[in-house]
Asker: 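My structure is below; once you've seen it, I'll send some questions.
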Amino acid sequence: MLSKKIQAIRGMNDLLPGQSALWQYFESHVRTLMQRYGYDEIRTPIVEQTALFARSIGEVTDIVEKEMYTFEDRNGDSLSLRPEGTAGCVRATMEHGLLHNQIQRLWYQGPMFRHERPQKGRYRQFHQVGVETYGLEGPDIDAELILLTARLWKQLGLFEHVTLELNSLGSSEARAAYRDILVAYFEQHYEVLDEDSRRRFSTNPLRILDSKNPDMAPMLAEAPQLLDHLDEASRDHFERLTAILEMAGIEYRINPRLVRGLDYYSRTVFEWTTTALGSQGTVCAGGRYDALVEQLGGKPTSAVGFAMGVERLILLLETLELVPQDATPPLDVYLLGMDETATRAALLLGERLRDRLPACRLQVHCGGGSFKSQIKKADKSGARLALLLGEDELTHDQITLKFLREEREQQRVAQSELVETLEHLLADA
RNA sequence: GUGGAUGUAGCUCAGUGGUAGAGCCCCGGAUUGUGGCUCCGGUGGUCGUGGGUUCGAUCCCCAUCAUCCACCCCA
């Protein structure tokens, strides 16, 4: 029916009023959490030079090859809508000298864009909350990030429903060496590889380990393990990280096949996953990317970060029925005037009440209608109290206070006493 | 990019080769200045879009678009 009319771009969703309270609930938990851990917010543009993403995420990744919204600026530059947040964050911190012998703990939040086929938990415009830290090379900061996310899950009631998966990719040298070993192994078993894997063979052989194809499972089970080919420093880093997690009581599962899609990762990688969302079960993922800053032209700088998918977490909260009842606090007061004169008075009275009662959620009826229909709207508004202003009230400087949610006689009060009356009533709500 | 399912009222959905229905929502009335429950009445649809078959298509066929799910990939 809307086919000839303009409608939202595929995979880009409107966030409707019924949903926004849940988003705000989630966002306020995140914001408070970040403050409590001493992380500062950074906001970077949604559009960057295409080259930034190509050089950081990796030229041959799916994201860069076929999923970016890329277009030419009027001056001929190739620009792209950001498909993830790390690249822009690195660019911004480098550009403003924030990495110059400094430690940074940063977070951000906002929309990302990838041109993929939409499905449950995957959209073309989606939202991430990301955290990036710079200048810290030990496993302590890796652990802090995991502890931070674990605390968020606990606060939201999700902790029992997510699993932490861990792996180490080693140094880039160790990873490259392992890659050669793996390629040699796959060459020996090339006839077992399926079509997808043969494609990955030349692009990203590590990803073959991630295949869900049961026919390849026996061969993959025998494949050389990344963890067996770690360099000494990476192995030590990983062991120190897992020791901290054990002391902190955070359970984890080492997943040797956890590779991560983006090229810039090294050493620690982790994912929080759930089985409650169908095939898009990764709800938060990240890792170390010690080489990226240098790769983008900066001084060598240790870096760790992660990103979580807001839509997926919202979906998870809904699926598990963990949506808080009071996410949308109802109105306290619905104020109505019975005719045009009284409505004018109601608008002015509403302002005076808001001056005096800043915590009071008050809506003034607009749009006229019969007295009866106005009362109906007061009821539908969810307000606890209705304040009725008619000719009779106006001539006596009074107002009628009607209880919409409790068995209680309505009362007339002098307007001069209204603030005090409401203060009492709202206090014992 | 590939595969499958689904498109009928604002929402959830029935339905039939002969120009469409329910529930909810919304509006009005039963109540003169009083909501919820009940009853009565009402608004609202070129049946996703385009084409084909037919005397006639919302229904059958084709195409297309959209949504959902899965693959791929990823948060």
Side-chain angles (χ1 to χ4, degrees), chain A residues 1-5 7-11 13 16 18 57 61-67 83-86 109-131 149 194-197 199-200 203-204 207 210-213 258-262 270-274 277-287 305-316 334 336-339 342 365 367 369-394 400-407 409-410 412:
Chain A
M1 178 179 50
L2 287 170
S3 66
K4 282 183 178 173
K5 297 181 179 173
Q7 53 185 309
I9 306 299
R10 166 172 232 196
N13 301 312
L16 299 176
I57 296 167
T61 56
D62 278 13
I63 292 178
V64 168
E65 273 187 337
K66 49 194 186 195
E67 294 177 0
E84 53 93 60
T86 300
Q109 178 255 44
M112 308 294 165
F113 302 85
R114 292 182 199 172
H115 190 102
E116 301 179 272
R117 274 287 270 273
Q119 72 184 73
K120 186 177 188 179
R122 193 179 71 184
Y123 310 100
R124 289 186 173 179
Q125 175 176 334
F126 62 103
H127 295 76
Q128 288 187 335
V129 168
V131 166
T149 50
D194 61 19
E195 193 184 338
D196 279 333
S197 298
R199 181 173 49 76
R200 290 173 184 146
T203 57
N204 193 347
R207 287 218 68 88
D210 237 353
S211 172
K212 293 166 193 163
N213 186 342
L258 182 61
V259 170
R260 316 269 44 256
L262 287 59
F270 68 93
E271 265 186 25
W272 289 95
T273 60
T274 176
L277 288 184
S279 67
Q280 309 300 325
T282 301
V283 112
C284 173
F306 67 80
M308 44 200 186
V310 179
E311 280 83 356
R312 290 182 186 180
L313 286 162
I314 296 282
L315 219 46
L316 189 55
Y334 194 91
L336 60 90
M338 290 174 49
D339 53 28
H365 176 84
S370 68
F371 181 56
K372 183 194 180 79
S373 69
Q374 293 195 33
I375 297 253
K376 278 190 183 182
K377 291 220 167 71
D379 181 46
K380 292 245 165 66
S381 78
R384 180 177 167 220
L385 302 171
L387 289 178
L388 317 180
L389 212 48
E391 203 177 345
D392 199 41
E393 284 85 351
L394 282 178
T400 297
L401 197 158
K402 179 179 172 67
F403 296 89
L404 296 170
R405 315 279 153 219
E406 52 212 295
E407 287 297 328
E409 280 293 301
Q410 69 182 37
R412 281 264 196 130

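Just so it is clear: chains get the letters A, B, ... in the order the sequence lines come, proteins before strands, and each one is counted from 1. Heavy-atom basis, side chains included; hydrogens, waters and symmetry copies ignored. Computed from a predicted structure; not experimentally measured.
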Asker: If we take the P atom in both rU16(B) and rC61(B), what is their distance in whole Å?
Answerer: 15 Å
Asker: Specify the separation, in whole Å, of atom OH of Tyr334(A) and atom C1' of rG35(B).
Answerer: 12 Å
Asker: Who passes salt bridge (Lys or Arg N to Asp or Glu O under 4.0 Å) against Asp392(A), sequence neighbours left out?
Answerer: Arg412(A)
Asker: Which whole number of Å gives the distance between the P atom of rC47(B) and that of rG7(B)?
Answerer: 15 Å
Asker: When the P atoms of rG35(B) and rC11(B) are compared, how many Å lie between them, rounded to an integer?
Answerer: 30 Å
Asker: Could you work out the separation of rG17(B) and rU2(B) based on their C1' atoms and round it to a whole Å?
Answerer: 36 Å
Asker: Indicate, with a heavy-atom threshold strictly under 4.0 Å, whether Glu393(A) touches base, sugar-phosphate, or nothing.
Answerer: base
Asker: Residues two or more places apart in sequence or in another chain: which of them pass side-chain hydrogen bond (donor to acceptor under 3.5 Å, both in side chains) with Glu407(A)?
Answerer: none
Asker: Consider only side-chain N and O atoms of Thr282(A) and Trp272(A), and report whether a donor and an acceptor are under 3.5 Å apart.
Answerer: no
Asker: Name the stems with RNA chain B in them: runs of three or more consecutive Watson-Crick or G-U pairs, distances under 3.5 Å?
Answerer: B:1-7 with B:65-71, B:10-13 with B:21-24, B:26-30 with B:38-42, B:48-52 with B:60-64
Asker: Tell me, do Leu385(A) and Phe403(A) make a side-chain contact under 4.5 Å, heavy atoms counted?
Answerer: yes
Asker: Could you state the NE2-P distance from His115(A) to rU2(B), rounded to the nearest angstrom?
Answerer: 11 Å
Asker: For Lys120(A) and rA70(B), what is the distance between atoms NZ and P respectively, to the nearest whole Å?
Answerer: 7 Å
Asker: Given that Ala8(A) and Gly278(A) both sit by RNA chain B, which one's nearest nucleotide is further toward the 5' end?
Answerer: Ala8(A)
Asker: Under the side-chain contact (heavy atoms from CB on, under 4.5 Å) test against Glu311(A), which residue among Gln280(A), Gln128(A), His127(A) passes?
Answerer: His127(A)
Asker: Taking the nucleotide of RNA chain B with the closest heavy atom to each, which residue, Arg10(A) or Glu84(A), is nearer the 5' end?
Answerer: Arg10(A)
Asker: With heavy atoms under 4.0 Å as the rule, sort Gly11(A) into base, sugar-phosphate or nothing.
Answerer: sugar-phosphate
Asker: Any idea which of rC73(B), rA75(B), rG35(B) is nearest the Gln128(A) side chain?
Answerer: rA75(B)
Asker: What pairs with Arg124(A) under side-chain hydrogen bond (donor to acceptor under 3.5 Å, both in side chains), at least two apart in sequence or on another chain?
Answerer: His115(A)
Asker: How long is the line joining CD1 of Ile57(A) and P of rA75(B), in whole Å?
Answerer: 9 Å
Asker: Using only heavy-atom distances, decide whether a donor-acceptor pair under 3.5 angstrom links the side-chain of Arg122(A) to the base of rC72(B).
Answerer: yes
Asker: Could you check how far CD of Gln7(A) sits from P of rU67(B), rounded to whole Å?
Answerer: 7 Å
Asker: Identify, with sequence neighbours excluded, every residue that meets side-chain contact (heavy atoms from CB on, under 4.5 Å) alongside Glu67(A).
Answerer: Asp62(A), Ile63(A), Arg114(A), Glu116(A)
Asker: Using atom C1' in both nucleotides, what's the gap between rU32(B) and rU43(B) to the nearest angstrom?
Answerer: 27 Å
Asker: Measure from the side-chain heavy atoms of Asp379(A) and tell me the nearest of rG36(B), rA75(B), rC73(B).
Answerer: rG36(B)
Asker: What's Glu311(A) touching, base or sugar-phosphate or nothing? Going by heavy atoms closer than 4.0 Å.
Answerer: nothing
Asker: With side chains defined as the heavy atoms from C-beta onward, is the minimum distance between Arg312(A) and Leu277(A) less than 4.5 Å?
Answerer: yes
Asker: Could you please name the option among rA75(B), rU34(B), rC71(B) that lies closest to any side-chain atom of Thr400(A)?
Answerer: rU34(B)
Asker: Rounded to whole angstrom units, what separation is found between the CD1 atom of Ile63(A) and the P atom of rC72(B)?
Answerer: 16 Å
Asker: Take atom C1' in rG15(B) and the same atom in rA70(B), then report the distance between them in whole Å.
Answerer: 31 Å
Asker: Where along nucleotides 24-30 of chain B does protein come under 4.0 Å, by heavy atom, of base (B) or sugar-phosphate alone (S), with - for untouched nucleotides?
Answerer: --SSS--
Asker: Is it the case that more than 12 heavy atoms not belonging to Gln410(A) sit under 6.0 Å from its CD atom?
Answerer: yes
Asker: Please state whether the base of rC74(B) and the side chain of Arg312(A) form at least one donor-acceptor pair under 3.5 Å?
Answerer: yes
Asker: Reckon Gln410(A) touches a base, only the sugar-phosphate, or nothing at all at heavy-atom distances under 4.0 Å?
Answerer: base
Asker: Whole-Å distance between rC68(B) P and Glu116(A) CD?
Answerer: 14 Å
Asker: Measuring to OP1 and OP2 of rC74(B), would you say a side-chain N or O of Thr282(A) lies under 4.0 angstrom away?
Answerer: no
Asker: Using the P atom in both, what is the distance from rG45(B) to rU38(B), to the nearest Å?
Answerer: 27 Å
Asker: Just checking Ala378(A): base, sugar-phosphate only, or nothing, at a heavy-atom cut-off of under 4.0 Å?
Answerer: nothing
Asker: In terms of side-chain heavy atoms of Gln119(A), which of rG35(B), rC71(B), rC73(B) is nearest?
Answerer: rC71(B)
Asker: With Asp339(A), which residues qualify under salt bridge (Lys or Arg N to Asp or Glu O under 4.0 Å), at least two apart?
Answerer: none
Asker: Students often get this wrong, so: under 4.0 angstrom with heavy atoms, is Gly121(A) touching a base, only sugar-phosphate, or nothing?
Answerer: base
Asker: Would you say the base of rG3(B) and the side-chain of Arg117(A) have a donor-acceptor pair closer than 3.5 Å?
Answerer: yes
Asker: When the C1' atoms of rU6(B) and rU58(B) are compared, how many Å lie between them, rounded to an integer?
Answerer: 16 Å
Asker: Between atom CZ in Arg124(A) and atom C1' in rA75(B), what is the gap in whole Å?
Answerer: 17 Å
Asker: Can you tell which of rC73(B), rG33(B), rC71(B) lies closest to the side chain of Met338(A)?
Answerer: rG33(B)
Asker: Listed by chain and number, what are the salt bridge (Lys or Arg N to Asp or Glu O under 4.0 Å) partners of Arg199(A), not counting sequence neighbours?
Answerer: Asp196(A)
Asker: Per the salt bridge (charged side-chain N to carboxylate O under 4.0 Å, His left out) rule, what does the pair list look like for residues 370-380 of chain A, sequence neighbours excluded?
Answerer: Asp379(A)-Arg405(A)
